[in-house]
Amino acid sequence: MRLSKLFGKTQREVPADAETVSHQLLLKAGMIHQVAAGIYSYLPLGLRVIKKIADIIRDEMDKAGGQELMMPVLQPLELWQQTGRDLAFGKGLFTLSDRRERKLCLGPTHEEVITELVRYNVQSYRDLPLLLYQIQTKFRDEPRPRGGLIRMREFTMKDLYSFDTDEDGLNQSYNKMLQAYQNIYTRCGLPTLLVEADSGAIGGKESHEFMVITKGGEDEIIYCDNCRYAANAEKAESAKGKLEPEELLSLEEVATPGAGTIEQVSDFLKIPKSHTLKAVFYIANGKLVFVTIRGDIEVNEVKLKNALGCIDLRLATEAEVIKAGIVAGAASPIGIKGIKIIADDSITSGTNFVAGANKPETHLKNVNCPRDFKADLMTDIAQAHAGEKCPRCGSELLSTRGIEVGHIFKLGTFLSEKLGALFVDDNGVSYPIIMGCYGIGLDRLLAAAIEQNYDEKGIIWPMSIAPYHIYLCPLHQENPEVEAAAENLYADLEAQGLEVLFDDRKESPGVKFNDADLLGIPIRVTISPRTLEKSSAEIKKRSEKEAQLVPLEEVAEKLKKLIRD
RNA sequence: CGGGGUGUAGCGCAGGAGGUAGCGCGCAUGGUUUGGGACCAUGAGGUCGGCGGUUCAAAUCCGCCCACCCCGACCA
């Protein structure tokens, strides 16, 4: 490709609203253009990268036994209502009506459509297992698009769905995908960390995310260096520590003037926060719930939401709490009626806690569960933090940030049951098909690749996904010998099938070198009167400082070798 | 949805005691240049985010709205 003809210019100054490195560089390099918040056009260079990523993904999906198909973006809302996931996605779902007022939505993902398709095509265990995938545009009305390609409202995703007859099969499919994903990231030059994850609106039981570790990442990861435990902070657990058990003492009221928060109560009574019970009120699907947890621990709302099985969850306002007859600042789980009590399992890790008395400025000492109150649900709803102990091995937990570049889920049968995707086994008995789903965001993968590979001059593409392999850069183009040598070399390299970006512009050396660096093309080939004196061209890798002179007739071979390695 | 910020030429910004808009980069033409974003000259390019109000007069003052960015909520 001749740079003089290439659509898309490099910018000297970055648009001010870009803050993330990948966003800035993509704009500066003229690879993307913003159309609206979270909506972008790809220019030719950017699109070439997306295509290369797509090729790698296809190759690995096919090798793992996947079959590619394509499903529509436009979907009947009714299909989503059948599984109830229209509610799970809530406002994240883009909806619209057709001319007959039939409700449609733009697919945020394709489980419903593919399950319906599989129901039609699969009747017998003989048709299974099945791995089907597509690379398709998805639409999600994100509350806050951000970071350029990192969180978009319209994006491209590879989604594969597995269909199996039993758990074993699901596990095999899952492991195949896990391996294929590792291969994809390796081939894209991206080190990733596999972490346990929450499955969110997709649903299902077990899921893992692939994280590219980077400071600006959206997700917090809690991990253990010792035993390799790693989980998204939404899901992470930590050992809460057993407090020394004491003899159960009887309840005792104590005046706590002016003390409403855990901090104030523990200061006032001179006890550690871990000896108090915190009360937090939420509105879950419109209903007030009482959440209690040890005073030194915070509630993890994702876990709470999962425990409650609710779609809407928010903190209750003080007015809502008071209206329910509860004394804010001294709320007590004892004697509560008509309100669901959810307890974190940490409240059984000690004894004789201090909790509210449901009287103004009064607390109760020696509160014990289940002696004094019963929780409707007792489970882990605690937020884990770095510095706490690993739930597996007891070492200290660490924390870092990452970009989620892939997410795989064991879905189970909830979708196939609701949509009637059944198969008959060898005894002629019907069962729902067991499903899994596996997603990779291509745009985000591209952005993550930049976050991982850049310097102050620009992008440094890994060879496998670089838009072009070679940047051919003649200097002093008015010099007929340079012109001829560059044109010859360009024609020769193109004829040999190499991917060359030929900077045939009449620009100064500084401009050309800076653009070459900004665009991040892995190999730069410079031809100038100086190199031609030695009948050579200069070859320099983007990732290295040193250049070398190579005789013109050896250049093609040398480049092929560099690209191969 | 809450908090903060920004909207003036393609990009980055200045202006703002109210009087009809400027700089740098980029772009066009001509010339001189060329191993790390050259220089000179000439030129094109603007509903000052939108609507309404105040005023003889609004980019500037007032009100409402919109868009975009950042933090949070939420979300894959």
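Side chains included, hydrogens not; waters and symmetry mates left out as well; all remaining heavy atoms used.
Below 30°, between 30° and 60°, or above 60°: for A:Phe94 and A:Phe139 the angle between ring planes is above 60°, a perpendicular geometry. Using a 30° and 60° split on the angle between ring planes, A:His407 and A:Phe409 fall in the parallel class, below 30°.
Summary of the strand contacts: A:Glu234 and A:Lys512 both lie near RNA chain B, and taking for each the nucleotide with the nearest heavy atom, the more 5' one is attributed to A:Lys512.
The side-chain tip of A:Lys138 does not point at the ring of A:Phe155 from less than 6.0 angstrom away and within 45° of straight on.
Spacing between atom CD1 of A:Ile150 and atom P of B:C71 amounts to 11 Å, rounded to whole angstrom units. To the nearest angstrom, C1' of B:A76 lies 7 Å from CE of A:Met157. If you take CZ of A:Arg144 and C1' of B:C1, they are 13 Å apart, rounded to a whole angstrom. Protein atom CG of A:Asp515 is 17 Å distant from nucleotide atom P of B:G35, rounded to whole Å. Taking atom CG on A:Leu304 and atom P on B:A73, their separation rounds to 15 Å, with Å as the unit. Atom C1' of nucleotide B:C71 and atom CD of A:Glu218 are separated by 13 Å, given to the nearest angstrom. One atom, OH of A:Tyr471, and another, C1' of B:G35, lie 14 Å apart when rounded to the nearest Å. Rounding to whole angstrom units, CD1 of residue A:Ile283 and C1' of B:C74 are separated by 17 Å.
With hydrogens and angles ignored, no donor-acceptor pair under 3.5 angstrom links the side chain of A:Gln11 to the base of B:G26.
The side chain of A:Pro15 sits closest to B:C11 out of B:C70, B:C11, B:G37.
Close to B:G26, at under 4.0 Å from its OP1 or OP2, lies a side-chain N or O of A:Arg12. Side-chain nitrogen and oxygen atoms of A:Ser508 include none within less than 4.0 Å of the OP1 or OP2 phosphate oxygen of B:G37.
In summary, A:Lys303 and A:Asp344 do not engage in a salt bridge, as defined by a charged side-chain N under 4.0 Å from a carboxylate O.
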